[in-house]
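To keep things clear, I will list the structure first and then write my remarks on it.
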Amino acid sequence: MNAIAVNAIAIDGPAASGKSTVGFLVGQRLDFLFFDTGVMYRAVAWAILDRGIESEDREAVGRIAEQLSIGVNAPSDGETDGRQATIQVGELDVTWSIRAPEVDSIVPVVAANSRVRKALSRKQRLIGLEHGSGVAGKAGVVMVGRDIGTVVLPEAPVKIYLEAPLEERARRRFLELTERKKEADQAAVLDDMRLRDRIDSERADAPLRPAEDAFLVQTHGLSVLEVVDQILSLAAKRLGVGPAKADDSDLPLDASLGNDVE
Ligand code: DC
């Protein structure tokens with residue numbers, strides 16, 4: 001079997017474990033493409049709400065996932081509202097609408113649909129292989145999700161699984177919602193996250209779990225940059241890559257994952 005050389009960092013973990021915040025910064029430091037696969041599941045969930053399709057209608061939801069045009073692009077200069085990427089469904093900018101609570105509540109059901117998973121993980125794998133092999137202008141790829149190390153890019157030389165206690169993750173999500181001026185009830189956010197964890201971990205197809213060779217990072221009590229540094233040192237060992245640029249992020253050095261987006 002031919003091994004494919006892929007400069008890839010897979011980051012998995014439950015909701016609000018810090019994957020996107022940390023993955024985005026690792027991507028910036030290494031000049032790797034950062035790709036958050038959760039936005040694709042969210043775009044499908046948004047589209048079925050938009051079209052009035054029931055999330056339990058497996059056939060119809062699967063068809064949408066196969067046909068939907070989902071765009072994920074770097075934000076343009078004018079888009080300074082804190083987005084990591086601009087997400088489009090067709091021509092429509094859905095970057096923030098895919099974060100609505102109505103999407104949150106149905107997206108685990110959408111993500112448990114095998115037809116949806118097949119369609120999306122195939123596209124994700126192609127993106128991962130293309131960018132990980134350096135043919136698409138980036139030196140590598142940082143891909144985040146639930147099944148990157150187990151299904152989408154199992155050959156990634158660096159696999160990270162981020163963990164944090166449920167209560168801590170729910171607190172992060174609550175802070176994130178209130179910062180975006182969304183109404184939120186702390187107890188409801190906790191209950192909702194517990195339920196989403198359960199659906200993501202217990203589904204038959206690609207359940208949330210660390211790959212056998214994943215490096216587990218407990219983020220509770222660590223700053224964002226401490227987690228980023230752990231991943232960078234692993235990347236240096238396994239991929240032989242180091243930061244392409246000095247740390248030019250606006251984060252204070254001790255910023256905690258308490259204020260992250262995911
Ligand atoms: O990371 P997130 O909260 O944006 O993910 C949204 C949903 O998609 C969540 O239910 C987990 C699911 N998901 C998945 O099953 N596999 C992925 N690779 C990414 C996300």
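Remember, predicted model here, so these are calculated numbers, not experimental data. Both counts, for ligands and for their atoms, begin at 1 and track the order of listing.
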Where on [X] is there a heavy atom closer than 4.0 Å to ligand 1, on the side chain, on the backbone, on both, or on neither?
X: R203; result: side chain
X: M40; result: neither
X: V144; result: neither

>> With a 4.5 Å cut-off on side-chain heavy-atom distances among I, L, V, M, F, W and Y, is there a chain of contacts connecting F35 to V151?
In response: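 F35 and V151: separate clusters.
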>> Under 4.5 Å between side-chain heavy atoms, counting indirect links through other Ile/Leu/Val/Met/Phe/Trp/Tyr residues: same cluster for V107 and L208 or not?
In response: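 No, no single cluster joins them.
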> In this structure, which one of D200, D36, D197 forms a salt bridge (Lys or Arg N to Asp or Glu O under 4.0 Å) with R146?
Replying inline: D200
> Any side-chain donor-acceptor pair under 3.5 Å between Y161 and R209?
Replying inline: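 Side chains of Y161 and R209: no pair found under 3.5 Å.
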The one among [options] that brings a heavy atom closest to [atom]:
atom: atom 16 (N) of ligand 1; options: Q124, R99, R117; value: R117
atom: atom 7 (C) of ligand 1; options: D12, V116, V107, T150; value: V107
atom: atom 11 (C) of ligand 1; options: R173, R146, K19; value: R146

Are any of the N/O atoms on [X], whether in the backbone or the side chain, positioned under 3.5 angstrom from an N/O atom of ligand 1?
X: R42; result: yes
X: Y41; result: no
X: D36; result: no

> What pair of heavy atoms forms the shortest contact from L120 to V44, and how long is it?
Replying inline: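 Looking at all heavy atoms of both residues, the shortest contact is CD1-CG2, 4.1 Å.
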> In chain order, what residues pass the side-chain contact (heavy atoms from CB on, under 4.5 Å) check against D77, with sequence neighbours excluded?
Replying inline: none
>> Between E212 and K159 (salt bridge meaning N to carboxylate O under 4.0 Å), is one present in this structure?
In response: no
